[in-house]
Amino acid sequence: MKFPRQLLHELAAFIGIEHNSTNHVEKFVASSGALISLLMVSLVATFFISGPAASLMIASMGASVVLLFVVPHGALSQPWPVIISHLLSAVIGVSCRLLFPEHVWTPALAVCLAIVAMQYLRCVHPPGGATALTATIGGPEVEALGYWFVVSPVLFNVTLIMVIAFVFNNLVPGRRYPAHLMRLKPGAAPAATTRQLQITQEDFEAAMQQMNTFIDVTTDDLIELVELATKHSEEQHAHPENIKLQHCYSNGRLGRLWSVRQVIDQAVGIKNRRDKVIYKILAGDNIYTTAVCEYEEFRQWARFEVVSQNGRWVRISEA
């Protein structure tokens with residue numbers, strides 16, 4: 001049974017299936033925001049806009065609301081990339097259609113140029129590529145609009161969605177939009193650190209530049225996340241005093257070094273620290289395999305006891 005389970009685990013990691021740590025309320029809130037925003041776009045267009053643009057809702061707006069309401073604090077969801085990417089891509093798409101009509105490569109060229117422009121203007125927002133594509137293959141209604149397509153429906157769609165995103169995300173507890181408002185919240189002054197090694201802002205900037213790829217998280221948010229995780233880690237240093245049968249333990253490391261083991265067999269009433277412990281790896285490298293080590297070796301490896309809760313491993317003190 002170990003091999004199929006390990007194979008499924010590796011397959012899930014390969015295709016990018018990750019644990020979703022949001023609760024049911026958060027999922028409902030995100031879905032409700034998308035429903036309200038797109039419904040308002042349809043209703044306002046129906047009652048206040050006439051002509052060919054009245055019936056148009058750009059398909060790329062469906063992708064934008066996913067980002068705006070599911071990951072409102074993400075780098076791709078901020079006002080500049082959302083607004084500018086759609087407008088810029090619309091202009092590029094219309095221009096390509098007018099300059100190179102009826103060519104099979106025109107849609108591909110429009111999306112390509114939109115991607116280049118978004119990167120240089122620091123407004124990467126994936127749905128913008130779909131807006132450029134719509135401008136070239138949208139059919140007679142889009143073609144009849146010409147550059148008016150940029151104003152209505154594109155500008156109209158994105159403006160209304162952004163207004164709703166701003167109001168909705170700031171009314172829901174725990175959310176702020178734009179993400180900069182999260183950093184303006186009043187809070188306690190950071191305690192003076194006694195760490196011998198302190199990661200700095202410059203370290204993060206250098207690391208992100210060295211990765212040389214776009215990451216959908218702002219540097220400030222990443223720094224705050226690491227700082228909170230570091231403080232969380234510093235709350236507990238001692239290794240477990242006793243290792244218990246059938247209990248699970250984590251080594252508290254990061255990335256590929258992280259592992260969770262479950263004790264599946266050990267001597268009754270450990271008297272010799274060199275007695276053997278048999279364990280199974282439940283998370284991390286070599287998942288679902290079993291191994292044997294000395295009791296004291298296992299205790300020194302274990303940082304703290306954990307339990308599985310809502311699809312993630314948490315310290316036993318928090319469960």
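Count residues from 1 along the sequence.
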Original post:
Could you give the distance from OG (Ser95) to OH (Tyr147), rounded to the nearest 0.5 Å?
Top reply: 2.5 Å

**OP:** Check the pair Trp313, Leu282 against side-chain contact (heavy atoms from CB on, under 4.5 Å), reporting the backbone distance first and the verdict last.
**Re:** CA-CA 10 Å; Trp313 293 98; Leu282 299 183; 3.8 Å; yes

**OP:** May I ask whether Ile92 and Val116 are part of the same hydrophobic cluster, defined by side-chain heavy atoms of I, L, V, M, F, W, Y residues being less than 4.5 angstrom apart, directly or through others?
**Re:** no

**OP:** Step by step, work out the side-chain contact (heavy atoms from CB on, under 4.5 Å) result for Arg176 and Asn169.
**Re:** CA-CA 6 Å; Arg176 290 293 184 272; Asn169 285 320; over 6 Å; no

**OP:** Would you check, one step at a time, whether the test salt bridge (charged side-chain N to carboxylate O under 4.0 Å, His left out) holds for Glu26 with Arg175?
**Re:** CA-CA 10 Å; Glu26 176 63 19; Arg175 289 179 173 229; 2.4 Å; yes

Subject >> Considering all heavy atoms, the nearest Ile161-Leu38 contact >> reply: CD1-CD2, 4.1 Å

Subject >> Cation-pi, Trp80 ring and Arg122 (6.0 angstrom, 45 degrees) >> reply: no

Original post:
What are the two closest heavy atoms between Ala283 and Trp258, and how far apart are they?
Top reply: CB-CH2, 3.4 Å

Original post:
Which heavy-atom pair separates Gln266 from Val263 by the least distance, and what is that distance?
Top reply: OE1-CG1, 3.6 Å

**OP:** Flag the pair Phe304 / Tyr249 as yes when their ring centroid distance falls below 6.0 Å, and as no otherwise.
**Re:** no

**OP:** Report the relative orientation of the aromatic rings in His103 and Trp105; use parallel for angles under 30°, tilted for 30 to 60°, perpendicular for over 60°.
**Re:** parallel

Subject >> side-chain contact (heavy atoms from CB on, under 4.5 Å) between Val260 and Ile281, worked out >> reply: CA-CA 6 Å; Val260 172; Ile281 300 175; over 6 Å; no

**OP:** Measure the CD-SG distance between Glu305 and Cys248 for me, rounded to the nearest 0.5 Å.
**Re:** 8.0 Å

Original post:
Under the side-chain contact (heavy atoms from CB on, under 4.5 Å) criterion, do Trp301 and Ser259 qualify, and how do the steps go?
Top reply: CA-CA 10 Å; Trp301 169 90; Ser259 182; 3.8 Å; yes

Original post:
Do Leu109 and Phe100 touch side chain to side chain, with heavy atoms closer than 4.5 Å?
Top reply: yes

**OP:** Give the minimum heavy-atom separation between Ala90 and Phe149, together with the two atoms involved.
**Re:** CB-CE2, 4.0 Å

**OP:** Apply side chain to side chain donor-acceptor pair (under 3.5 Å) to the pair Tyr177 and Ser77, showing each step before the final yes or no.
**Re:** CA-CA 9 Å; Tyr177 188 80; Ser77 308; over 6 Å; no

Subject >> Side-chain donor-acceptor contact under 3.5 Å, Thr131 with Ser60 >> reply: yes

Original post:
Are any of the side-chain heavy atoms of Gln262 and His247 separated by less than 4.5 Å?
Top reply: no

Subject >> Any Lys280 side-chain heavy atom under 4.5 Å of Thr289 side chain >> reply: no

**OP:** Give a yes or no on whether a salt bridge exists between Arg97 and Glu102, defined as a side-chain N under 4.0 angstrom from a carboxylate O.
**Re:** no

Subject >> For Tyr295 against Ile243, the heavy-atom pair lying closest together >> reply: OH-N, 3.0 Å

Subject >> Residue pair Val306 / Ser250: nearest heavy atoms and the distance that separates them >> reply: CG1-CB, 3.7 Å

